[in-house]
Amino acid sequence: MAEDALLAEMRTLRERVAGITGTALASRDGLIVREDTGGVDPDNLAALSATWLALAQRMSNEVGQGLLREAMTRSTAGCVAIYAVGARAVLVLIGDEGLDISSLRRDSRGTLDTIAKLLADSGV
Amino acid sequence: MSTPNQPVATIPTPLRQAFIDCAASRLSGVLRVTGQPGGAFHFSEGKIVAGETPGAPGIEAILLRSKRVDESGWDAAFAAAAATGREMRNELIGRELVGAGELEALLRTTIADAVFAVAYGVVEICRAEAPAAGLLVTLEPGAEAEWLLAETSRRIRVLRSFTDPVFNARARVIAVSGAVRPGLVLGEGRDELAALADGRRTPRDLAFVLGRGVYATMLELGRMQADGLILADSRPPGSPADDEEETPSPAVADDAETPGGLPRRRREHAGQGGRSGGRDLPAAFRLLRLRYGEGTSTGGTG
């Protein structure tokens, strides 16, 4: 089942990158697809992430900086990053203050590709 | 289950040698260590003035999470340091947010914790580089490399002295069900650890949440493991324990139109999608606004 493979992929990324405390995959219209958020409300997270991705992509477009690679908030107690997964989904990563951002940027690329392929294989 | 991937018994040779070489050459620069978790150590005249690693909380996390310094105080000190060019350390002390002696002690232990976290993991390459700008708070005078190596060796020996194998910093820990009776106060910081050991968090994660050193956290967890209060789980993700709690996401169950595909919002769920500004934004945003509205009403005065 694609969702189980999706969750496994998200958990593998959480294990691989120090500081990831939760992950979620949402559709572009803000519905949760799979979540491993560790207590954060997944529905709110999905809705906010889809909205945020739309705004971030519009911002990138507005300033002529090409394809959006990542959008991130950084707060006193951690950070949240989102990544577009193809044209239909968004991956959300929640991290603590020690999130290994260089590992995240390196390792998330493969995860995004795999998730996009899983979604494509499931006929989306 | 406590079958961890045991780290090496001593400090990895490349790291030990790099510290010795940087001290001997009186390096003023950065020693970058690649690996898991890896990190960077800032040297000044051969002494270590700061350490950064994803594997252990830095001084900011230690001060803020432990509530020694409140966030507004930290932000004000940061803004003042940025505006005046003064050292952040002096701003923190000058504003009496933290005492000079306490800050020095915390910086020293934070650096030692960073060295421990890097040494207790996997070390690949150690490379000395030119000094890096942007360090917030540094230890003056810096810590001696020789002391840090001795302290790190001691810490690793202590953790390995437990009868049960001590988990690594990336193993997930979980409180043993029923081991802590309601009303029983464990003390020594164990209550917080037991409450937060939910099977998702690692010792490193717990250290960040509580604003404690990762070594101190692992030491206490090791003792708690010996007392039967917690278990360590080093299994890879996706193992059976991970799947026990899995239930299909409600959103998938309610809204999916194609099994195995992305959930799709049904037409009656879609937002009005107001005119221009909201045209590209997800319909779920409207539901969020409704939810926030409820939150506001419950949190009102009264």
Worked verdict on A:Asp36 versus B:Arg200 for side chain to side chain contact (heavy atoms under 4.5 Å, CB included):
CA-CA 10 Å; A:Asp36 181 29; B:Arg200 286 178 60 88; 2.4 Å; yes
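- Residue-environment remark: CZ (A:Arg74) stays at or below the threshold of 12 foreign heavy atoms within 6.0 Å.
- A distance of 6.0 Å separates CZ of A:Arg14 from CZ of B:Arg172, quoted to the nearest 0.5 Å.
- Taking the charged nitrogens against the carboxylate oxygens, B:Arg204 and A:Asp96 do have a contact shorter than 4.0 Å, which makes a salt bridge.
- For B:Gln36, the part sitting under 4.5 Å from any heavy atom of chain A is the side chain, from C-beta outward, and nothing else.
- In this structure, chain B has heavy atoms under 4.5 Å from both the backbone and the side chain of A:Asp100.
- The part of B:Pro37 that comes within reach of chain A is its backbone (N, CA, C, O), which places non-hydrogen atoms under 4.5 angstrom from that chain.
- Side-chain atoms of B:Arg201 never come within 3.5 Å of backbone atoms of A:Thr21 as a donor-acceptor pair (strictly under, hydrogens ignored).
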